[in-house]
Number of protein chains: 2
Amino acid sequence: MPTVSSEELAAAAGVNSAKLRKDFSYLGSYGTRGVGYDVEYLVYQISRELGLTQDWPVVIVGIGNLGAALANYGGFASRGFRVAALIDADPAMAGKPVAGMPVQHTDELEKIISDNGVSIGVIATPAGAAQQVCDRLVAAGVTSILNFAPTVLTVPDGVDVRKVDLSIELQILAFHEQRKAGEESSADSADDAEGTAPPAAAKPHRKGPDGDVPAVMPA
Amino acid sequence: MPTVSSEELAAAAGVNSAKLRKDFSYLGSYGTRGVGYDVEYLVYQISRELGLTQDWPVVIVGIGNLGAALANYGGFASRGFRVAALIDADPAMAGKPVAGMPVQHTDELEKIISDNGVSIGVIATPAGAAQQVCDRLVAAGVTSILNFAPTVLTVPDGVDVRKVDLSIELQILAFHEQRKAGEESSADSADDAEGTAPPAAAKPHRKGPDGDVPAVMPA
DNA sequence: CCATCTTTGTGCACGCGTTCACAAAGACAT
DNA sequence: ATGTCTTTGTGAACGCGTGCACAAAGATGG
């Protein structure tokens with residue numbers, strides 16, 4: 001029986017072994033003292049707890065560049081997701097195959113969701129259409145939404161929304177990049193150091209240090 | 001002079017007002033007691049601190065569906081990012097316009113980076129090519145990488161990598177979805193409740209509760 | 001069957017981020 | 001000028017997650 005110790009697993013994942021053991025204990029996954037965890041059993045338990053053993057039908061609404069990329073993304077199928085339908089508002093798209101699947105018109109949205117028992121929807125529409133699409137998805141029975149549109153969606157209680165903003169990750173990188181570059185010349189007259197002038201009426205009394213380290217950005 | 005109080009801002013953002021004030025104080029953004037924060041000045045300060053007032057040239061490597069979606073994504077330009085070049089390994093892609101910009105061949109990578117002073121690269125290639133592309137980007141002077149390929153990249157010290165896995169967000173949604181569905185029928189014989197049978201050799205002595213709440217998933 | 005050795009599971013302490021609560025600061029009216 | 005009122009900035013307390021350290025459990029060998 002192939003096994004792994006929490007120590008090996010922790011080293012491979014770059015985390016603390018005690019934390020890993022504690023997390024496993026929350027999941028109810030018991031190992032064997034003196035031996036470790038049965039690999040096969042552990043994989044099965046984690047997969048099941050995470051919902052990977054289930055088949056989740058999802059619909060993707062908005063088949064532009066991003067929608068098509070998602071439809072073609074191989075990582076979904078292996079994680080238990082099945083793209084049940086591709087939906088777009090453009091009548092010219094209807095019937096056109098994307099990722100080996102015909103695009104369907106928004107008119108069919110409610111029927112598709114109910115026929116396939118879809119509870120997870122992906123929104124890849126322009127920002128303007130997102131809330132409207134969201135409302136229709138929720139009304140049709142979807143209770144989890146992954147939103148790629150740059151808008152904050154309003155949903156009733158009981159519906160989960162996760163927002164993915166592609167530019168936020170870039171911003172975080174740029175933030176660190178800026179910090180790297182600015183490291184040699186600190187403690188300068190920080191206000192107009194960056195080329196762009198501050199607003200005219202601004203800067204009422206500015207007292208604080210400017211070169212300190214904000215603690216508000218993810219590492 | 002239009003102003004906002006920390007209370008208003010906190011309510012709009014759904015966070016605690018004290019935290020918001022403390023964060024602002026780290027940034028050195030001083031408000032006026034009894035009045036609040038000067039909106040225009042605050043926006044300028046935050047933009048500058050976040051690097052939004054700078055122009056960041058980026059290259060996108062791997063112009064498949066995802067790469068094209070990123071190239072077309074409008075959110076970048078408004079956040080201070082400028083797509084300096086689109087790069088792909090496929091000779092057939094070279095010269096083809098994507099998002100109003102000709103795709104260039106991988107051979108040009110080093111020259112493009114050095115000519116444009118690019119320090120941020122986006123990898124949207126298949127998993128197999130990602131590490132190789134990463135190495136070339138780093139060798140050419142890139143110090144921040146946004147990785148969409150499903151691989152963990154190895155980089156030297158001083159280089160930042162952020163990985164975006166589109167399916168992780170879906171998994172988190174599915175996890176909560178599963179929890180919603182399983183709420184009525186708890187405390188059952190949890191093992192084969194999900195249809196898929198557990199491995200034969202598994203389940204050595206299983207003692208712990210199965211219906212408890214793991215604390216390892218983002219809200 | 002007992003001793004030893006390995007690895008788990010977890011109580012406890014430490015550290016960090018969040019929140020509370022309030023003194024200080026400034027605006028504004030009188 | 002002086003008092004009142006609003007809102008900031010921050011010291012202190014609280015709570016939570018992480019990591020340490022060890023007892024308990026079970027395997028393995030003599």
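Just so it is clear, the values below take in all heavy atoms, side chains as well, and ignore hydrogens, waters and symmetry mates. Within every chain, numbering begins at 1; the chains are lettered A, B, ... in the order of the sequence lines, protein sequences first and strands thereafter.
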For [X] and [N], what is the distance between atoms [atom1] and [atom2] respectively, to the nearest whole Å?
{"X": "Y30(B)", "N": "dG9(D)", "atom1": "OH", "atom2": "C1'", "value": "8 Å"}
{"X": "Y26(B)", "N": "dG9(D)", "atom1": "OH", "atom2": "P", "value": "13 Å"}
{"X": "D38(B)", "N": "dG26(C)", "atom1": "CG", "atom2": "C1'", "value": "15 Å"}
{"X": "D23(A)", "N": "dT18(D)", "atom1": "CG", "atom2": "P", "value": "7 Å"}
{"X": "N16(B)", "N": "dT8(D)", "atom1": "CG", "atom2": "C1'", "value": "14 Å"}
{"X": "E7(B)", "N": "dT8(D)", "atom1": "CD", "atom2": "P", "value": "8 Å"}
{"X": "F24(B)", "N": "dT7(D)", "atom1": "CZ", "atom2": "C1'", "value": "14 Å"}

Pair [X]-[Y], side-chain donor/acceptor within less than 3.5 Å:
{"X": "Y44(B)", "Y": "E40(B)", "result": "no"}
{"X": "R21(A)", "Y": "S6(A)", "result": "yes"}
{"X": "T151(A)", "Y": "Q131(A)", "result": "no"}

Give one of base, sugar-phosphate or nothing for S6(B), where a contact means two heavy atoms less than 4.0 Å apart.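 It contacts sugar-phosphate atoms only.
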
With hydrogens left out and only the distance checked, is there a donor-acceptor pair under 3.5 Å joining R33(B)'s side chain and the base of dT7(D)?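 Donor-acceptor pair under 3.5 Å: no.
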
Looking at the base of dT18(C), is there any donor atom on it, or on the side chain of K22(B), that sits under 3.5 Å from an acceptor on the other one?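 Check fails, no donor-acceptor contact within cut-off.
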
Given [options], which nucleotide is nearest the side-chain atoms of [X]?
{"X": "R21(A)", "options": "dT10(C), dT8(D), dG26(D)", "result": "dT10(C)"}
{"X": "S5(A)", "options": "dT10(C), dT8(C), dT19(C)", "result": "dT8(C)"}
{"X": "T32(B)", "options": "dG26(C), dT10(D), dG9(C)", "result": "dG26(C)"}
{"X": "K19(A)", "options": "dC20(C), dT18(D), dT18(C)", "result": "dT18(D)"}
{"X": "V35(B)", "options": "dA27(C), dC20(C), dC20(D)", "result": "dA27(C)"}

For residues R162(A) and I172(B), report the shortest heavy-atom separation together with the two atoms involved.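 Taking R162(A) first and I172(B) second, the nearest heavy atoms are NH1-CG2, 3.4 Å.
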
Before giving the answer on salt bridge (charged side-chain N to carboxylate O under 4.0 Å, His left out), spell out for D165(B) and R79(A) the whole-Å C-alpha distance, their side-chain angles and the decisive distance to 0.1 Å. CA-CA 12 Å; D165(B) 183 342; R79(A) 304 292 242 293; 3.3 Å; yes

Contact under 4.0 Å: Y37(B) side-chain N or O vs dG9(D) OP1/OP2: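 Y37(B) to dG9(D) OP1/OP2: side-chain N or O found under 4.0 Å.
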
